[in-house]
Protein chains: 2
Amino acid sequence: MKKSALFDALRAGILDLSLAPGSALDEVALCETYGVSRTPLREVLQRLSGEGYVTLEAHRGAAVSSMDLPVIRSLIQTAPMIYAAVARLAAENASPDGIETLKDAQRDFRDASTPADMAIHNHRFHEAIGTMADCPYLIPGLKRLLIDHTRMSQRFYDARTATERATIRKARDQHDAMIAAFEDRAPAEAVRLTLDHWALSRDGIGRFVMPSPLPLDPTQEIRDAV
Amino acid sequence: MKKSALFDALRAGILDLSLAPGSALDEVALCETYGVSRTPLREVLQRLSGEGYVTLEAHRGAAVSSMDLPVIRSLIQTAPMIYAAVARLAAENASPDGIETLKDAQRDFRDASTPADMAIHNHRFHEAIGTMADCPYLIPGLKRLLIDHTRMSQRFYDARTATERATIRKARDQHDAMIAAFEDRAPAEAVRLTLDHWALSRDGIGRFVMPSPLPLDPTQEIRDAV
DNA sequence: AGTACCGATTTTGTATACAAGATGTATTTT
DNA sequence: AAAATACATCTTGTATACAAAATCGGTACT
């Protein structure tokens, strides 16, 4: 189906930042590139807006949801609570099906080669936890959280140093431990691991928001390398 | 604007149960009654679906979101956490504007004569708290919570006995106390009041889900009345 | 020079006609 | 008589043409 392909393409583009936060989405341009008429395109944009990927303003068209400082503050404030609540419910409701989906996502995450791939499969992993938690009042917030979390993680997964690569390995191992906790239906353990996982991620977000400053002495880096 | 009128009408109908949970929404019928063509109508349905009022299935049209037992269980499980989190943030972020909106809603709630009016203004009141909390990751869940909470409260506000009327008065007074807590920027107090308020409401939901059984002896009620 | 207003152009919103899919019924076949 | 299939009808999905709103550029005026 053309429409769902279009939906997925826009969604992926937003998550991997190839569609920049705040950038406008031109209806006719998208119609031409995806070979759909405006009616179904607009329905896709409405749906993306309903899920928080896009913001729609009357007579002003669609734009990729922005990611300004107040939003990031809200994220850091709210994320642990929502993630923890979802993890607890997921552990209580764990089903073989849900665990299977989780393991699939984790395998793809492990095998991913590019930062964008890692981010998207990490996204899938955490969405699957939400599905398993099966709570209609937490999932919408969780999904919005994941949109912004994934977008901010793009930098996180673009590992340059050995330390950064070690951090990613640690996150990956935490996923495995979380799967085990869900399989054991151990809510307390699932929550504990989830909060650890969040703490790791939060540091990465810190680096995203506040990159390390340029060296005061521009020659220092060169001297260090020698 | 016709479209927003249509949106509000459907929303109100869903909240006061005049559109029953699960009932199908016929596109052409709605078009004729509201004098709009199918294109904008469908956009309205998409938006209602995004906010959780309606569920859309491909090639099968729109239906009012259902309210079955698992959903009610989720609600009772999740509501205190979300309401409390929102109340805390609302108290921290309280603004004169927000307080004003809150007082307006409370006035209309107090002056309401029909159960449907009471329910809708109570809905507005709690939505305003969400707006004041200003957290994009909690509001979507809160709104979904309120949809189902309001629908279940229709019975709650249809007071027949003196006890029920006293309960409504108590809920109304709790609103006033909550406003005061927000004005004072007292998060702990706001949370405490919110949880009390929820406890009151939860009992009403209990009566909605489990109505009191018919008297075993059908003549008893008549004898009591004599 | 700066600002306000008007018109041209671009972009969004709506209606309608047509296509495709689903459902229900009647007829046929076993 | 029961089941299956083909057809008719109804409903949803898509394209296109048209209407309305907003933006932008230019001109006139302060």
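In what follows, every chain begins at residue 1, and chains take the letters A, B, ... in the order their sequences are listed. Side chains included, hydrogens not; waters and symmetry mates left out as well; all remaining heavy atoms used.
Val28(A) comes within contact range of no nucleotide atom at all, as no heavy-atom separation falls under 4.0 Å. Across all strands, Arg60(B) comes closer than 4.0 Å only to sugar-phosphate atoms, never to a base (heavy-atom distances).
The nearest whole Å value for the distance from the CD atom in Glu57(B) to the P atom in dT12(D) is 12 Å. We find that NZ of Lys2(A) is positioned 13 Å from P of dG21(C), with the value rounded to whole Å. A straight line from CD of Gln46(A) to P of dT14(C) spans 10 Å, rounded to a whole angstrom. At whole-Å resolution of the value, CG in Leu56(B) and P in dT11(D) are 16 Å apart. One interatomic measurement links the two molecules: CD of Glu27(B) to P of dA22(C), which rounds to 15 Å at whole-angstrom precision. Residue His59(B) contributes atom NE2, which lies 11 Å from atom P of dT12(D) at whole-angstrom precision. For the pair Glu43(B) CD and dT14(C) C1', the interatomic distance rounds to 9 Å; values are reported in whole Å. Spacing between atom CG of Leu30(A) and atom P of dT11(C) amounts to 13 Å, rounded to whole angstrom units.
Listed candidates were dT12(D), dT14(C), dT14(D). Nearest to the side chain of Lys3(B) is dT14(C). Counting only heavy atoms from C-beta on, Arg38(B) has its side chain closest to dA17(C) among dA15(D), dA17(C), dT14(C). Of the listed nucleotides (dA22(C), dA15(C), dA22(D)), dA15(C) has the atom at the smallest distance from the side chain of Val36(B). In the set dT14(D), dT12(D), dA15(C), the nucleotide with an atom closest to the side chain of Pro40(B) is dA15(C).
By the 4.0 Å N-to-carboxylate-O rule, Asp104(B) lies close enough to Arg107(B) to be salt-bridged with it.
Other residues, nucleotides and ligands contribute more than 12 heavy atoms inside 6.0 Å of the CZ atom of Arg11(B).
Checked by atom type, the side-chain pair Ser18(A)/Asp16(A) shows a donor-acceptor distance below 3.5 Å.
Listed pair Thr39(B) / dT14(C) fails the phosphate criterion, with no side-chain N or O lying under 4.0 Å from OP1 or OP2. In terms of phosphate contacts, Ser37(A) brings no side-chain nitrogen or oxygen within less than 4.0 Å of OP1 or OP2 of dT14(D).
Among His149(A), His197(A), Lys143(A), the single residue meeting the side chain to side chain contact (heavy atoms under 4.5 Å, CB included) criterion with His126(A) is His197(A).
Taking the six-membered ring wherever Trp is involved, the centroid distance between the rings of His121(B) and His175(B) does not fall below 6.0 Å.
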